[in-house]
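Structure first, commentary second.
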Amino acid sequence: MEEVVNTLNSAASSEEKTNFIIEYLLSQRGVLLDGLKTILFALIVYLIGRKIVKFCLKLTKNWMERRDVEISVRNFVMSFAKVLYHLILIFIVAGILGVGATIVAIISSAGLALGLALQGSLSNLAAGILILALKPFKAGDYILVAGAEGTVESIDIFYTRIHTTDNKIVVVPNGTITNQNITNTTNASKRMLILDFRVPYQCDVEKVKEILFTLMREETLISDDEPMDVVINKLSPVKLQMQLKAWTKTEDYWDVRYRMLEKMKKALQENGIEIS
């Protein structure tokens, strides 16, 4: 009998709690409905805002293309604009939800902490701006920097991507680039071809020069208007170190280099001259 009474009391207590919750929700239905409306409105604004951000990014890209903005500057601006437009959207949605001031305070505090923690990244950002402003190189240039050599694929906010001749992508921090010497082989329209090679001491140097001058005159991509030369560069203990020097167009440099190396080896060996 006592168990039945306890069960009835427990059921009555649960019913009272349920009624209290229902009554509380009914009394707060206006606030809850307003909150749901606000959240729904913020969600709609966010979804529409995403479309607007994409549209603004497209407008920004088209604007730069119409004005023939340099590709490296274009990529940098697009990276920066993407971050900026999304931040604006976040602030708008936060304002609708009534947490705009809180978001600003959080971002300010986080910004200070991140600024101290990410000093290297901020220096890379500043270095990226310097690269675009001073233009030591641009997208499409062939450069040597920080142990990397290849064609600049893009200059991003924090990093520069270099496409090497063996089809690798080397990502170099912008800060590292601005703190080192940069060799840009694309800025000039022509480039000197210098080929180092060694021959035995007993060989006829004049014969070597004659053969190589003939090869240079036969090579159509070597400029006839610029000086050509074959010289002894250094006397090593074992062999003579020599250099072939000629000029070619920058875009033809690698083709001429590889072809001349092959022709030099073949021509000298046919004349009984060992080359290394």
Side-chain angles (χ1 to χ4, degrees), residues 127 131 134-153 159-276:
I131 290 171
L134 301 178
K135 297 184 184 299
F137 59 84
K138 61 183 183 298
D141 284 358
Y142 191 94
I143 67 171
L144 293 85
V145 66
E149 178 179 353
T151 303
V152 178
E153 187 176 84
Y159 300 96
T160 292
R161 299 177 184 274
I162 298 175
H163 192 173
T164 65
T165 54
D166 56 347
N167 203 31
K168 296 176 184 175
I169 298 296
V170 180
V171 181
V172 185
N174 291 330
T176 301
I177 292 175
T178 54
N179 288 326
Q180 296 197 10
N181 293 334
I182 303 168
T183 302
N184 188 336
T185 64
T186 310
N187 273 348
S189 60
K190 61 184 179 180
R191 184 175 175 186
M192 177 179 275
L193 175 71
I194 301 177
L195 300 179
D196 294 295
F197 61 99
R198 298 189 304 170
V199 294
Y201 270 98
Q202 63 270 23
C203 79
D204 186 345
V205 173
E206 293 304 318
K207 181 66 175 176
V208 173
K209 290 185 177 183
E210 181 185 339
I211 294 170
L212 296 184
F213 271 112
T214 301
L215 290 179
M216 286 189 284
R217 293 189 188 101
E218 290 175 351
E219 176 54 62
T220 57
L221 295 180
I222 288 180
S223 175
D224 294 328
D225 301 328
E226 301 291 341
M228 307 174 188
D229 210 350
V230 179
V231 298
I232 296 176
N233 183 47
K234 189 177 180 182
L235 300 175
S236 71
V238 181
K239 291 187 176 183
L240 286 174
Q241 293 192 8
M242 301 186 70
Q243 280 187 341
L244 176 148
K245 298 181 179 181
W247 288 88
T248 184
K249 292 181 180 178
T250 300
E251 60 267 25
D252 297 330
Y253 175 82
W254 290 106
D255 289 338
V256 175
R257 181 180 179 85
Y258 297 143
R259 192 153 58 233
M260 285 299 296
L261 285 171
E262 185 176 341
K263 288 180 177 180
M264 283 170 57
K265 179 180 181 297
K266 183 177 179 181
L268 291 175
Q269 285 185 344
E270 285 176 353
N271 284 272
I273 302 171
E274 182 186 346
I275 182 174
S276 59

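The structure presented is a predicted model; accordingly, all values stated were derived computationally and were not measured. All residue numbers refer to positions in the sequence shown, counting from 1.
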Kindly give the heavy-atom pair with the smallest separation between [X] and [Y], and that separation in Å.
{"X": "I222", "Y": "A246", "value": "CG2-CB, 3.8 Å"}
{"X": "A146", "Y": "V172", "value": "CB-CG1, 4.0 Å"}
{"X": "T186", "Y": "T250", "value": "CA-CG2, 3.9 Å"}

Measure the [atom1]-[atom2] distance between [X] and [Y] for me, rounded to the nearest 0.5 Å.
{"X": "S223", "Y": "M192", "atom1": "OG", "atom2": "CE", "value": "11.0 Å"}
{"X": "L193", "Y": "L261", "atom1": "CG", "atom2": "CG", "value": "7.5 Å"}
{"X": "N271", "Y": "C203", "atom1": "CG", "atom2": "SG", "value": "11.0 Å"}
{"X": "T164", "Y": "I169", "atom1": "OG1", "atom2": "CD1", "value": "7.0 Å"}
{"X": "M216", "Y": "K245", "atom1": "CE", "atom2": "NZ", "value": "11.5 Å"}
{"X": "M264", "Y": "Q269", "atom1": "CE", "atom2": "CD", "value": "11.0 Å"}

Without placing hydrogens or testing angles, list every side-chain donor-acceptor pair under 3.5 Å for residues 227-237, not counting sequence neighbours.
residue: S236; atom: OG; partner: K239; partner atom: N; Å: 3.0
residue: S236; atom: OG; partner: K239; partner atom: O; Å: 2.3

Side chain to side chain, I162 and F137, heavy atoms closer than 4.5 Å: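 Not touching, per the 4.5 Å side-chain cut-off.
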Within the structure provided, determine whether L134 and T178 are in side-chain contact (heavy-atom separation under 4.5 Å).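 Side-chain contact under 4.5 Å: no.
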Residue pairs, two or more places apart or on separate chains, that pass salt bridge (Lys or Arg N to Asp or Glu O under 4.0 Å) and touch [range]:
{"range": "residues 167-184", "value": "D166-K168"}
{"range": "residues 249-260", "value": "E219-R259"}
{"range": "residues 138-149", "value": "K138-D141"}
{"range": "residues 184-213", "value": "K190-E226"}

With sequence neighbours left out, write down each residue that passes ring pair (Phe, Tyr, Trp, His ring centres under 6.0 Å) with Y142, or none if nothing qualifies.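 Only W254 meet the ring pair (Phe, Tyr, Trp, His ring centres under 6.0 Å) criterion with Y142.
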Run the numbers on Y253 and T185 for side chain to side chain contact (heavy atoms under 4.5 Å, CB included), then give the verdict. CA-CA 10 Å; Y253 175 82; T185 64; over 6 Å; no
Could you walk me through whether I177 and I143 satisfy the side chain to side chain contact (heavy atoms under 4.5 Å, CB included) test, starting with their C-alpha distance in whole Å, then the side-chain angles of each, then the deciding distance to 0.1 Å, before giving a yes or no? CA-CA 11 Å; I177 292 175; I143 67 171; 5.6 Å; no
